[in-house]
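Everything on this sheet refers to the single structure shown next.
Computed from a prediction, not measured in an experiment: that's the story for all the values here. Within every chain, numbering begins at 1; the chains are lettered A, B, ... in the order of the sequence lines, protein sequences first and strands thereafter.
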Amino acid sequence: MDVSELIDGLNDKQREAVAAPLQNMLVLAGAGSGKTRVLVHRIAWLMQVEHASPYSIFAVTFTNKAAKEMRSRVEETIKSSVGGMWIGTFHGLSHRILRAHYRDANLPEAFQILDTDDQVRMIRRLLKAMNIDEKKWPAKQIAWYISARKDEGTRPKDIQAYDINEQLLLKVYTAYQEACDRAGLVDFAEILLRCFELLQQHPTLLRHYQQRFRYMLVDEFQDTNSIQYQWLKLLAGTENTMMIVGDDDQSIYGWRGAKIENITRFVGDFNAETIRLEQNYRSTATILKASNALIENNAERMGKSLWTEGSEGEPISVYAAFNELDESRFVASKIRSWLNAGNKLDHSAILYRNNAQSRVLEEALLQEGLKYRIYGGMRFFERQEIKDALAYLRLISNRQDDAAFERVINTPARGIGDKTLSHIRDCARNESMPLWYAAKAIVEEKHLSGRAATAISRFVEVVEKLDDSITELELAEQAQLTIEQSGLLAMYQAEKGEKGRARVENLEELISACGQYDLPIDEDFSSPLQGFLAYTSLESGEGQADEHEDAVQMMTLHSAKGLEFPLVFMVGVEEGMFPSQQSHEESGRLEEERRLCYVGMTRAMEKLYISHAESRRLYGQEKHHSPSRFLRELPDDCVEEIRIKTQVSRPAASGRFSPSVTHAVFEDSGYTLGQRVLHAKFGAGTVLNYEGSGAQSRIQVNFDDVGSKWLVTAYARLQAM
DNA sequence: CTCTGCGCACTTTTT
DNA sequence: GTGCGCAGAG
């Protein structure tokens with residue numbers, strides 16, 4: 001391939017980054033400025049011009065999706081397979097190193113990954129055993145604390161607990177870590193920390209990796225936390241060069257430990273050159289202008305302003321909805337017209353602040369007959385029935401896995417209750433042995449009632465039998481046999497309703513996922529099962545669903561990062577929702593919310609709608625919110641308020657209401673309403689009341705088609721009749 | 001031991 | 001409005 005092909009078609013700044021000399025570099029890349037393109041071309045450049053071997057390239061991302069995209073785009077560009085190149089997520093690459101050196105890392109060969117849910121359950125069990133009141137110390141909060149400590153590289157021994165609260169947290173942290181170590185389990189934060197310590201404590205190993213990975217590239221650097229930063233720094237050593245790409249304005253994960261400061265810290269620590277990519281290839285000039293204006297309200301910025309050569313485009317439409325139903329119908333009707341105008345649903349997206357908001361939207365889309373796809377929420381491998389099946393497989397692959405044992409010892413119900421279980425737990429704690437072996441010991445010592453003993457023996461037998469018969473089989477057959485023999489299938493088949501059926505289907509899908517799984521040849525797994533189990537923990541199972549159907553894309557603002565759509569709706573842009581209630585309280589959070597708004601707006605390529613509702617049912621309660629402050633921060637000339645235009649079915653003579661007006665139809669066309677429409681709605685309703693006359697008229701309308709129970713009342717100021 | 005009903009709490013999320 | 005943990009009855 002000709003070198004010029006690598007830089008042709010790039011703008012000056014992009015070219016500067018791609019063809020930069022071998023040195024540490026920060027590419028400050030604004031939204032839609034072609035950062036992935038730069039990373040991909042840089043890798044190709046390193047190979048073509050600097051004659052870098054694929055083995056010497058190490059590229060890190062945050063999500064599997066980003067890693068996958070980078071890999072395929074590199075292959076497309078260099079027109080061959082990425083070979084020995086390491087492209088993956090922080091967790092994926094760390095995990096790979098841990099597998100390869102599990103002994104040095106003090107882990108059993110069959111160590112498994114504990115996800116957030118498992119982690120909380122584990123802590124809950126410990127709290128019970130330690131007699132700690134869960135009301136006062138929610139397991140979730142403690143899990144949060146532990147992860148936060150690990151994210152900053154802090155072990156229990158590094159903590160000085162001054163007050164009783166800290167002391168208690170420390171005690172649980174210590175106990176939790178011991179339990180994990182005994183069971184051969186690592187949580188997500190542990191993967192990174194363990195890998196970091198492994199390299200730090202084994203200089204030969206570290207040197208090996210340092211000498212191999214001469215060229216490091218990191219995406220979305222604004223999202224790195226402390227341990228990730230230290231890990232990169234360690235691997236880079238003094239010889240290697242690193243290119244990081246990031247955007248401080250798109251840092252939206254501060255709440256889970258991401259440090260924007262890492263960008264500036266990198267520039268200092270690594271003596272890096274900075275290149276700014278500010279030309280945007282995605283959005284209209286109007287959308288960019290508004291986004292720039294918004295983000296300028298943040299004080300802590302490195303400074304950057306996006307520009308485009310593209311056209312001005314349409315103004316941003318702001319819609320004041322009466323309530324969330326009205327808002328949803330508005331969105332659905334706009335998408336309907338967009339579809340009817342010959343566009344693809346795929347190219348439209350609805351973005352919201354939290355997942356609970358998707359429900360009403362779904363209903364409106366359904367009513368409008370529009371297909372949709374929701375991203376996020378419960379992922380495939382996190383579903384209850386899937387985790388049950390996986391727990392059996394984990395226990396088969398590692399008898400020490402206490403978390404898996406606890407999960408399935410009595411699933412399906414086989415008569416092993418609390419009493420028997422606490423007996424097993426006591427025995428395990430006293431002898432410091434895994435629950436599995438404690439259970440076996442108890443049965444042999446005959447300390448148990450006949451019924452419980454038989455139940456445990458049956459359970460032990462099922463697992464051991466599966467382990468014996470399984471190893472020869474294909475992975476999918478292993479899974480199938482496990483699901484059947486464990487009794488899980490029967491249990492979920494017996495479950496009535498739509499739910500039960502869906503669960504059985506999911507179990508079947510798990511079997512087919514096993515069939516499709518390819519064991520990576522260059523990673524160190526002792527068996528396909530072990531590889532598959534790691535895969536289910538590290539890849540949450542996104543992409544199982546049918547991505548090919550044309551559908552409206554629905555997701556939270558957080559999960560929209562990195563994506564783009566011609567048509568974007570941001571809904572629920574109200575004080576208390578967005579920015580969220582909680583962000584008012586903590587300092588710095590408001591700026592993060594504003595960055596989130598910036599991220600949302602810059603997803604839009606052609607047209608952006610922003611809506612807010614006057615009134616909204618939240619957690620079963622009616623709430624009234626004012627429009628978000630972010631709306632006021634948008635320049636007037638970029639925004640158009642959508643005015644509901646009204647028709648009255650029997651208009652009063654001479655532009656006035658009269659008692660003879662009994663019915664009003666609100667549509668998307670017709671007359672203009674006053675400059676500030678407080679309440680508006682589509683559909684028809686009965687006029688209850690009116691006041692004033694002519695342009696100052698107000699009508700009160702009841703809409704009874706909304707729900708059987710409550711009537712919606714709309715006030716509208718009519719300008720012309 | 002297991003099932004049913006009540007009370008509580010509830011951002012954002014990838015790994 | 002929903003899901004989950006816990007308490008009391010079967």
Side-chain angles (χ1 to χ4, degrees), chain A residues 60-67 88-95 113-121 124 127-128 134-135 138-141 144 147 150-151 186-193 195 220 223-225 227-228 251-258 324 351-357 359-360 375-379 381-382 384 410-421 449 451-452 455 499 534-542 555-562 572 576-586 589 592-593 595-597 599-600 616-622:
Chain A
V60 198
T61 63
F62 272 85
T63 65
N64 289 303
K65 201 167 152 199
T89 63
F90 280 95
H91 291 87
L93 298 177
S94 298
H95 174 256
I113 298 159
L114 208 60
D115 73 16
T116 319
D117 186 57
D118 300 330
Q119 192 182 15
V120 172
R121 281 162 183 269
R124 193 167 286 145
L127 292 177
K128 262 188 204 133
E134 241 200 274
K135 289 261 151 55
K140 240 179 163 175
Q141 233 166 288
W144 187 267
S147 298
K150 290 189 180 185
D151 283 346
V186 294
D187 58 47
F188 288 127
E190 184 74 22
I191 295 176
L192 301 175
L193 182 52
C195 180
E220 306 272 23
D223 291 336
T224 53
N225 62 28
I227 194 68
Q228 287 160 343
S251 164
I252 54 176
Y253 287 108
W255 51 275
R256 66 172 201 218
E324 80 277 14
L351 311 181
Y352 34 82
R353 180 64 180 81
N354 64 42
N355 284 307
Q357 290 173 263
R359 222 194 170 86
V360 229
Y375 290 80
M378 190 52 100
R379 264 161 286 274
F381 293 124
E382 284 167 14
Q384 179 191 309
N410 200 32
T411 312
R414 45 171 73 85
I416 300 168
D418 243 6
K419 226 173 132 204
T420 317
L421 248 172
S449 73
R451 225 174 59 191
K499 241 182 196 158
Y535 162 80
T536 60
S537 309
L538 288 171
E539 298 216 22
S540 35
E542 200 67 70
M555 65 197 80
T556 61
L557 287 150
H558 280 91
S559 28
K561 193 169 72 155
M577 296 279 290
F578 188 30
S580 73
Q581 198 59 60
Q582 292 89 329
S583 66
H584 292 223
E585 286 137 34
E586 272 172 86
R589 299 298 289 277
E592 184 154 308
E593 293 282 307
R595 290 194 291 270
L596 189 57
C597 186
V599 166
R616 177 183 297 277
R617 267 178 102 73
L618 222 95
Y619 305 128
Q621 279 219 310
E622 198 88 7

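If you check every strand for non-hydrogen atoms under 4.0 Å, A/Asp187 touches nothing. A/Asp223 comes within 4.0 angstrom of nothing in the nucleic acid, heavy atoms only. Among the heavy atoms of the strands, none lies under 4.0 Å from A/Lys561. When heavy atoms are screened at a 4.0 angstrom cut-off, A/Arg121 is found touching no nucleic acid atom at all.
The residues A/Asp115 and A/Arg379 are annotated as not salt-bridged, no charged nitrogen and carboxylate oxygen being separated by less than 4.0 angstrom. Remark: A/Arg595 engages A/Glu592 in a salt bridge, criterion side-chain N to carboxylate O under 4.0 Å. Taking the charged nitrogens against the carboxylate oxygens, A/Glu324 and A/Arg617 have no contact shorter than 4.0 Å, which rules out a salt bridge.
Anti is the classification of B/dT12, since its glycosidic angle lies more than 90° from 0.
Contact check, A/Ser537 against B/dT15: no side-chain N or O comes under 4.0 Å of OP1 or OP2. One finds no side-chain N or O of A/Asn410 lying less than 4.0 angstrom from the OP1 or OP2 phosphate oxygen of B/dC1.
Rounded to an integer number of Å, the gap from A/Leu538 CG to B/dT15 P is 9 Å. Atom C1' of nucleotide B/dT14 and atom CD of A/Glu382 are separated by 10 Å, given to the nearest angstrom. Rounded to whole Å, the distance from CG on A/Asp118 to C1' on B/dT15 is 13 Å. As rounded to whole Å, 9 Å separates atom P of B/dC1 from atom CG of A/Leu421.
In summary, contact between chain A and DNA chain C, defined as any nucleotide atom under 4.0 Å from a heavy atom of the protein, begins and ends at C/dG1 to C/dC6 in the 5' to 3' direction.
Side-chain atoms of A/Leu192 and A/Gln228, non-hydrogen and from C-beta on, do get closer than 4.5 Å to each other.
When all heavy atoms are compared, the tightest approach of A/Asp151 to A/Arg256 is OD2-O, 3.9 Å. A pairwise comparison of heavy atoms in A/Ala560 and A/Leu351 identifies CB-CD2, 3.8 Å as the closest pair.
The backbone N or O of A/Ile191 lies less than 3.5 Å from no partner atom in the side chain of A/His95, so there is not a single donor-acceptor pair. Proximity of a side-chain donor or acceptor of A/Asn64 to a complementary backbone N or O of A/Leu538 within less than 3.5 Å is detected.
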**Q.** Base-contact (B) and sugar-phosphate-only (S) positions in nucleotides 7-13 of chain B, heavy-atom cut-off under 4.0 Å, - elsewhere
**A.** ---BBBB

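Annotation: of the two residues near DNA chain B, A/Ala413 and A/Phe188, the 5′-most nearest-nucleotide partner is A/Ala413.
Ring geometry for A/Phe188 versus A/His91: interplanar angle over 60°, hence perpendicular rather than tilted (30 to 60°).
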